[in-house]
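Order of listing sets the numbers, starting from 1, for every ligand and every atom in it. Sequence positions, counted from 1, serve as the residue numbers for this chain.
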Amino acid sequence: MGATIIDGKRIADAVRAELRPRIAGLRARGVTPGLAAVIVGDDPASVLYVKMKSQACEEMGLHSVTLRLPADAPEAGLLAEVRGLNADPGVHGILVQQPLPSQISTMRAVSSVSVDKDVDCFHPENVGLVLIGAPRFAPATPAGVIELLVRSGNDPGGKHVVILGRSNIVGRPLAALLMQKAAGANATVTVCHVKTRDLAQHTRRADILVAATGRPQLVTADMIKPGAVVVDVGVHRTDGGLVGDVAFDEVKEVAGMITPVPGGVGPMTTAMLLLNTVTAAEKLSEQR
Ligand code: GUN
C-alpha cells in the first residue's frame, strides 16, 4: 500500500488565499507590502529561487525588488545595499540569498538586515527569539514544514520528530520551533547529522521524519517506521530530474504520508515568506 502524498502546492495555495484579505486591507490604507531580495553572483539555483519569490510577489500584488550584485562584489557593497533597503519605506521584507561568496561574511550579512524586515529570520536576534519561544518571525522553510504537517492532519504535538540535518536554514531552527510550548509544536525532537552513528536506528523511531541533509536520496525504505510521516526538504537536480533527500519510490511503500519533490516543501517556503512580508508590512505601517 502506498503512502498518501501531501500536496504542498495545494496547502501553499490555501496559505496564500488567507493572505489576500490582509494584503487588500494594507492596500486600502495605501500600503503595498514590499519584498526585496539581494543576490550576489549567479548560482543557478539561487537565481531560480529568487525568481520564484519575485513571481509569487507579483501574483499576490506585492511590490518586489531584486538586487543582483556581481560574484566578486565586496562585502561593503552588499552591506551598503542592505542599508539602503533598511531605510526604504516601500520595502517591508529583505532577504539576502545564501550561499554567499567567500569574500562576504554570512554572519555580517544577516546581521545587517533590520530586525523588523528580517523575513528570513536569519538575524542573530531573531534566531534567539525563536529559540526562547518568542518569535518575531518564523523562518520560512521550517515554518512551512510545520504548516504542512498541521494542515495535513499531522500535528506534531507529543510526537517524536526526527530531523536529519543541523543547518542554520532548516534543521536548527526547525528543532527550535518544534520544541516550543505552542500550537503546532510540543514535539519530542531528535536532531541527527553527519556525525550521527547508526542513523537508521534513530530514523526508525520517528513518527515524523524531516530530511534536510543536502544529500540526494539518502533516506531509504529500511530507515522508515511503517506508517510514519516523511517530509523531504531536499532539492537536487540530477540527470533523471529533480530528486529530494528521500528515495521517494521505495519510501512511499513504507511511509503513511510523504511530501513529493517538487511540489512539497518548496511552495510552502515561498508562501511563508509572503506571510512574513505581509506581517512585517502590518507592523511597520502601524509604527509610522
Ligand atoms: N538559501 C537556501 N534557502 C534559503 C532561504 O530560505 N533564504 C535565503 N536567503 N537563502 C536561502
(message) For the 3.5 Å polar cut-off, considering only N or O atoms, please tell me whether Val96 and ligand 1 meet it.
(response) yes
(request) Examine Gln97 against ligand 1 and note whether any of their N/O atoms are separated by less than 3.5 Å. (result) yes
(message) Strictly distance-based, threshold 3.5 Å: is any side-chain N or O of Lys53 a donor or acceptor partner for the main-chain N or O of Ala37?
(response) no
(message) I need the nearest protein heavy-atom contact for atom 3 (N) of ligand 1: residue, atom name and distance, please.
(response) Ile169 CG2, 3.9 Å
(message) Looking only at the side chains, is there a donor atom on one of His160 and Thr190 sitting less than 3.5 Å from an acceptor on the other?
(response) yes
(message) Looking at Asp207 and Lys225, is there a salt bridge between them, counting it only when a charged N and a carboxylate O are closer than 4.0 Å?
(response) yes
(message) Students should be able to answer this: which protein heavy-atom is nearest to atom 8 (C) of ligand 1, and at what distance?
(response) Asp120 OD2, 3.3 Å
(message) Please tell me whether Val115 and Val130 are part of a single hydrophobic cluster in this structure, the criterion being side-chain heavy atoms less than 4.5 Å apart.
(response) no
(message) Which residue is it: Thr203, Val246, Ile6, Asp245? I am looking for the one with a side chain to side chain contact (heavy atoms under 4.5 Å, CB included) to Val230.
(response) Val246
(request) May I ask you to check whether Thr269 has an N/O atom sitting below 3.5 Å from an N/O atom of ligand 1? (result) no
(message) Just to check, does Phe122 reach to within less than 4.0 Å of ligand 1 when the distance is taken from its heavy atoms?
(response) yes
(request) Note the single closest protein heavy atom to atom 10 (N) of ligand 1, along with its residue, its atom name and the distance in Å. (result) Gln98 N, 3.0 Å
(message) I need the single residue from Asn126, Leu273, Asp120, Leu177 that forms a side chain to side chain contact (heavy atoms under 4.5 Å, CB included) with Pro139. Which is it?
(response) Leu177
